[in-house]
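Chain naming here is simple, since letters A, B, ... match the order of the sequence lines and numbering starts at 1 in each.
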Amino acid sequence: MTYTKYSISQLTSGAGLNQKVRVQGWVKSKRESKNVVFISLNDGSTIKNVQIVGDPEKLGETLLRTINSGASISASGILQTSHGKGQTVELAAENIIVDGEADPEIYPLQPKKHSLEFLREIAHFRPRSQTFGAVFRLRHAMIFAVHQFFNDRGFYNIHTPIITGSDAEGAGEMFRVTTLDPLNPPVNEAGGVDYSKDFFGKETNLTVSGQLEVEAFAQSMGLVYTFGPTFRAENSNTSRHLAEFWMIEPEMAWYDNNDNMDLAEAFLKYLVNYALDKCADDLEFLDKRDTQEEQQKPQHQRQELSLIDRLKFVSEHQFERITYTEAIEILKNSKPNKKKKFQFLIDAWGSDLKSEHERYLVEKHFKKPVIIYNYPKDIKAFYMRSNGDNTVAAMDVLFPGIGEVIGGSQREERLEYLQKRMKEMHIPEEELWWYLDLRKFGTITHSGFGLGFERLVQFVTGMNNIRDVIPFPRTPGSAEF
RNA sequence: UCCUCCUUAGCUCAGUUGGUUAGAGCGGCUGACUGUUAAUCAGUAGGUCCUUGGUUCGAGCCCAAGAGGAGGAGCCA
């Protein structure tokens, strides 16, 4: 009596029919009657469940009592064409082993709809729910697609350091990394903490960006990208921010900012298409879920398109490309600006665009993804290439619902321009001597961008809160699990 | 960090101008019934009303502080 082990994904896509098979998973629900018992089982390999059919007398009351929602079981039997509706195949159980019981009185995941907020509190169980199963299968697909896209185009993946000795990366507050005793740190002559006694002999932090380091590899290996964890100690409490998140940063030798925008657009479309192609079942589920959520909202806040239609829309339409200056003109003449509906009115060139302005451009004016480029130099980072006027060759890709999904630029490759800019922005040259070296020896035109991975996953899954697209979210005041 | 809102059964929520014993649906349990699909029907158990302090004859309800959560803003990806 040998049973071949299959995943539920394999069984529901045609494998094992009329054969002796074994499946292992977690019980979703059990429906019992005198003559027959049905168990819905899921193993995470697909959103679909497999139905197990059994004879209550043969399985025995003692065993059946322990088969409750959340219990893990191994079921063996013949996979047969289903006698009932709702599924094509079902497993006629000859034998069931309960691997781990789940006391229904206290198991927190009930066979009913739960709020996302509640599931966040049981983050160790939430991947057993349909929604989070779908989200994390999609997240995996996006990780895989990122590497596929770059590998197919001759990019090399570079692991840039997680611990950095530089605090000049210029992207916000950092988390300190230290082995010093917080209650009794060594003190220097000036009375401050003596970091020369610390593990690395200097003050170190968790990285806020791998960009500067990966530039060194772009200027030696050509096309490169990082995909790693990133840490920001900002006290940001929004549905779009995490203290620990994952970022993808490609950096390309001999790319100007136009090449950069072309790549960004092709990249995003590739990822969206990959999801549409490879994750149809999960997307269909999330699409329904998204539609139900939207119906709870008042009419004027609803999205016009369903999740799948939003993805198709992005993949099928060219992104709108406008300069910052053009964006300001559009906003200045816009209805909400004239009627003073914006909280921040647009009056002059040079101010930064706020969320409400980005949303207006993407969701109301163009109704598609928008790339804004050539920003005023005063609102952008020191390493962005000067256009010769008062702008730099920066570019931001804005998506409906989530705002900025990509931020990038052509990098300043001219040593004297870079030094001047660093001086103006009070960035000490000693900190970045090696970064300047790259401009002294064999400098080249190059560009790159950063994609917030979770924001992409938000867009692709339709999840409104970024805490629901990362396994165990880290946010201010919250590092449970 | 700022603004707004929320916290009542395992979950989602209702709870009147402050007034006897705090309710519903779902979930759990018990039973019945059925090739069932988050089954159905009947019954049943289940409460530190977030915490602390205050006002009051009396607080789930009013006031203050704190904790946790959500939405928005800023910062950004």
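The C1' atoms of A14(B) and G58(B) are separated by 24 Å, rounded to the nearest whole Å. Taking the P atom of each, A70(B) and U56(B) are spaced 38 Å apart, rounded to whole Å. Atom name C1', nucleotides A39(B) and A77(B): the rounded distance is 46 Å, in whole Å. Separating the P atom of C62(B) from that of G46(B) is a span of 29 Å, rounded to the nearest Å. Atom name C1', nucleotides U36(B) and A24(B): the rounded distance is 28 Å, in whole Å.
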Interface polar pairs with nucleotides 68-74 of chain B, N/O, under 3.5 angstrom:
from   : atom 1 : to        : atom 2 : distance (Å)
A70(B) : OP1    : Arg120(A) : NH1    : 2.4
A70(B) : OP1    : Arg467(A) : NH1    : 3.1
A70(B) : OP2    : Arg467(A) : NH1    : 3.3
G71(B) : OP1    : Asn465(A) : ND2    : 3.3
G71(B) : OP2    : Asn465(A) : ND2    : 3.3
G72(B) : OP2    : Ser239(A) : OG     : 3.4
A73(B) : OP1    : Arg359(A) : NH1    : 3.2
G74(B) : OP2    : Ser355(A) : OG     : 2.9
G74(B) : N2     : Asn235(A) : O      : 3.2

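For the pair Phe125(A) CZ and G10(B) P, the computed distance is 17 Å after rounding to whole Å. Residue Phe245(A) contributes atom CZ, which lies 12 Å from atom C1' of C75(B) at whole-angstrom precision.
The shortest distance between the side-chain N/O atoms of Arg232(A) and the OP1/OP2 oxygens of C76(B) is not below 4.0 Å. The phosphate of A39(B) has OP1 or OP2 within less than 4.0 Å of a side-chain N or O from Ser29(A).
Counting only N and O atoms by type, the side chains of Asp396(A) and Tyr375(A) include a donor and acceptor under 3.5 Å apart. Side chain to side chain, Tyr383(A) and Gln211(A) meet the donor-acceptor criterion of an N or O pair below 3.5 Å.
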#### Entry: Per-nucleotide protein contact string for nucleotides 25-33 of chain B (B base, S sugar-phosphate only, - none; heavy atom under 4.0 Å)
BBSSSS--B
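Within 6.0 Å of CD in Glu424(A) there are more than 12 heavy atoms belonging to other residues, nucleotides or ligands.
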### Base-pairing string, 5' to 3', of RNA chain B - Watson-Crick or wobble, under 3.5 Å, | interstrand
(((((((..((((.....[...)))).(((((.......))))).....(((((..]....))))))))))))....
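In this structure, Phe399(A) and Phe319(A) have perpendicular ring planes: the angle between them is above 60°, well past the 30° mark. Note on ring orientation: taking the six-membered ring where Trp is involved, the planes of Phe342(A) and His357(A) are perpendicular (angle over 60°, cut-offs 30° and 60°).
Checked for salt-bridge contact, Arg139(A) and Glu454(A) meet the test: a charged N lies under 4.0 Å from a carboxylate O.
Taking the six-membered ring where the residue is Trp, the centroids of His147(A) and Tyr225(A) are separated by under 6.0 Å.
Among the heavy atoms of the strands, none lies under 4.0 Å from Gln458(A).
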